[in-house]
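What follows is a set of notes on a single structure, which appears directly below.
Position 1 is the first residue of the sequence, and the numbers go up from there.
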Amino acid sequence: MIREIQPGLLYIGAQDHDLDLFESQYAVPDGMSYNSYLLDGGKIAILDTVDARKGGEWKQNLEEALAGRTPDYLVVHHMEPDHSALIREVLETWPELKLAASAKAIQMLGQFFDGYDFTDRTIALKEGDVLDLGSRSLRFLAAPMVHWPEVMVSYEAASKTLFAADAFGKFGTLDAGFYGDEDDDWACEARRYYFNICGKYGGPVQTLLKKASALDIACICPLHGPILRQDLGYYLDLYQTWSSYGVETEGVFVAYASIHGGTAAAALKLAEILKEKGCPKVATCDLTRDDQAEAVEDAFRYGRIILAASSYDAGVFPPMYSFLHHLQDKAWQKRKVGLIENGSWAPSAGRVMKGMLETMKEIEIVEPVVTIRSRMKAADLPALQALADAILS
């Protein structure tokens, strides 16, 4: 796909409609975009390449966009292979071209391109450096751990454009809309993308947002997902909430892992009780069947969560263990949690869930921890009512 974003700035990225798992773990039913740009200020800069899966399409786009001209620079904002796979081919095609990237990215080049001599082909960038293209220039801002240590973003003042690397990205191709305002459901897949890709790194994202707040930004060009050009405050506010581990939606998220249905029945009964008590939003998730990445997304979206799990091998049913392990990895924090355990002879799920939660920051575990013995009974309802009251208080 080639598209003019504004005079002198072309989109030359590729759309991967055949990819089923991004990073070999996240379901992408709508595929994935790999964004790349061509910036012309007299001198020409290629801004990032794409995944090798779409290398042929990208090279055709680049050749057409150049229209016989010779590029001067390849700017590498991020070394992850879905953005850097074609670096060697670009350098071999244009022997005079220079690669501009952070010093850390330049150190990584040999890890991905064994045997290629990068001597005299690179320009090491640091915070505040400017790459002069003539009528346009790129000023670079360090963005370490958003979400790799070598990441930089760049700002082009003439067009007020922020080239944001993996920040402000989303799952999916650009079929839903080339611009964010054309995409009716941007936040849904952007949220799932953010918390599963960058969720652990709220602090570094906050640092980048502070840097961005000092810039006059009219357009954000990420490496995945649509270009953002209208109501930028909406996107920035969401990122502020997400990266500070704030609550986006008031309500309760009920996540359950059930072996034979007894735990599921108790969890769904609690969801029903919460609705009866006026909870503004109750979301439920079957951890044995639903997308794990969406469960992680909702755990961050809501400020209150109920975890319901069967006991298993003197521990907790593995789908719940996996879910909590994901939350540990993503630095989940600042949440209020209620627990339901089920066990036919020696309930253990509550103990294990509580132990995992206690490793996380600012997690409040409310009482009572409800214990179900095999199947929910009328005698269990008062405890479920009490748990609903506690999580809503």
Side-chain angles (χ1 to χ4, degrees), residues 191 195 241 245-292 294-312 316-317 319-324 326-327 332-344 347-393:
R191 183 190 303 107
F195 285 119
T241 297
Y245 304 97
V247 175
E248 181 186 350
T249 302
E250 291 298 330
V252 178
F253 176 47
V254 180
Y256 58 91
S258 184
I259 302 172
H260 297 296
T263 305
L268 294 174
K269 180 61 179 178
L270 182 65
E272 180 183 311
I273 292 170
L274 289 167
K275 292 174 184 177
E276 291 171 353
K277 290 181 178 292
C279 184
K281 174 74 174 178
V282 180
T284 62
C285 174
D286 180 352
L287 295 174
T288 69
R289 298 182 180 277
D290 296 336
D291 178 31
Q292 185 86 240
E294 288 192 5
V296 170
E297 169 195 348
D298 278 341
F300 279 95
R301 180 176 185 174
Y302 296 92
R304 303 159 195 265
I305 182 171
I306 298 291
L307 301 174
S310 304
S311 301
Y312 192 86
V316 67
F317 191 35
M320 178 60 75
Y321 182 91
S322 177
F323 175 57
L324 287 171
H326 274 76
L327 295 185
W332 191 65
Q333 58 189 267
K334 300 181 182 178
R335 294 298 188 266
K336 192 173 189 177
V337 184
L339 300 176
I340 300 172
E341 65 173 355
N342 191 353
S344 292
S348 55
R351 168 180 52 80
V352 176
M353 288 189 290
K354 184 177 289 188
M356 296 181 76
L357 290 165
E358 287 172 348
T359 68
M360 306 179 207
K361 296 180 181 178
E362 298 182 54
I363 299 298
E364 178 190 354
I365 302 173
V366 303
E367 295 291 341
V369 174
V370 177
T371 298
I372 303 297
R373 291 283 189 164
S374 301
R375 289 290 184 269
M376 180 179 57
K377 305 168 186 65
D380 296 317
L381 294 179
L384 291 174
Q385 291 279 353
L387 179 57
D389 288 336
I391 201 70
L392 292 174
S393 65

Taking C-beta and beyond as the side chain, do Phe317 and Leu287 meet within less than 4.5 Å on heavy atoms? no
Min side-chain heavy-atom separation Met356-Leu327 under 4.5 Å: no
Is it the case that more than 12 heavy atoms not belonging to Lys361 sit under 6.0 Å from its NZ atom? no
CG/Leu339 to CZ/Arg351 distance, rounded to the nearest 0.5 angstrom? 13.0 Å
Would you confirm whether Ser311, through its side chain, and Asn342, through its main-chain N or O, come within 3.5 Å as a donor-acceptor pair? yes
Do you know which two heavy atoms are closest between Thr263 and Ala308, and how far apart they sit? CG2-C, 3.7 Å
Run the numbers on Met376 and Leu384 for side chain to side chain contact (heavy atoms under 4.5 Å, CB included), then give the verdict. CA-CA 10 Å; Met376 180 179 57; Leu384 291 174; 3.7 Å; yes
Roughly how far, to the nearest 0.5 Å, is the CE atom of Met360 from the CG atom of Leu324? 5.0 Å
Take atom OH of Tyr302 as the centre, draw a 6.0 Å sphere, and report whether it contains more than 12 heavy atoms from other residues, nucleotides or ligands. yes
Using 0.5 Å steps for rounding, measure from the CD1 atom of Ile363 to the NZ atom of Lys334. 10.5 Å
Which atom of Ser258 lies closest to which atom of Ser310, heavy atoms considered: CA-OG, 3.7 Å
Kindly give the heavy-atom pair with the smallest separation between Ala390 and Ser393, and that separation in Å. O-OG, 2.8 Å
Evaluate the ring planes of Phe195 and Phe300, with Trp represented by its six-membered ring, and classify them as parallel (under 30°), tilted (30 to 60°) or perpendicular (over 60°). parallel
Would you mind reporting whether Met353 and Val337 have side-chain heavy atoms less than 4.5 Å apart? no
Please table the atom pairs, donor to acceptor, closer than 3.5 Å between any side-chain atom in residues 275-282 and protein atoms at least two apart or in another chain.
unit_1	atom_1	unit_2	atom_2	d
Lys277	NZ	Gln385	OE1	3.1
Lys277	NZ	Asp389	OD1	2.9

On a heavy-atom basis, the closest approach of Ser322 and Gln292 is OG-NE2, 3.6 Å
Which distance, rounded to the nearest 0.5 Å, do you find between the CD of Glu248 and the CZ of Arg301? 5.0 Å
Which residues share a ring pair (Phe, Tyr, Trp, His ring centres under 6.0 Å) with Tyr256, sequence neighbours left out: none
Using modelled atom types only, decide if a donor and an acceptor are shared between the side chain of Thr371 and the backbone of Glu341 within a distance under 3.5 Å. no
Is there a side-chain contact between His260 and Arg375 (heavy atoms, below 4.5 Å)? yes
Does Glu272, at its CD atom, have more than 12 non-hydrogen atoms belonging to other residues, nucleotides or ligands within less than 6.0 Å? yes
CD of Glu367 to CG of Leu387, rounded to nearest 0.5 Å, is 9.5 Å
Give the minimum heavy-atom separation between Ala309 and Val316, together with the two atoms involved. CB-CG2, 3.6 Å
To the nearest 0.5 Å, what is the distance between CG (Leu270) and OG1 (Thr284)? 11.0 Å
Please identify each residue that fulfils ring pair (Phe, Tyr, Trp, His ring centres under 6.0 Å) with Tyr245, with sequence neighbours left out. none
When you look at Glu297 and Asp291, which way does the side chain to side chain contact (heavy atoms under 4.5 Å, CB included) test go after all the steps? CA-CA 10 Å; Glu297 169 195 348; Asp291 178 31; over 6 Å; no
How close do Ala299 and Phe323 get, counting heavy atoms only, and between which atoms? CB-CZ, 4.0 Å
Is there a side-chain contact between Leu357 and Lys354, using heavy atoms and a 4.5 Å cut-off? no
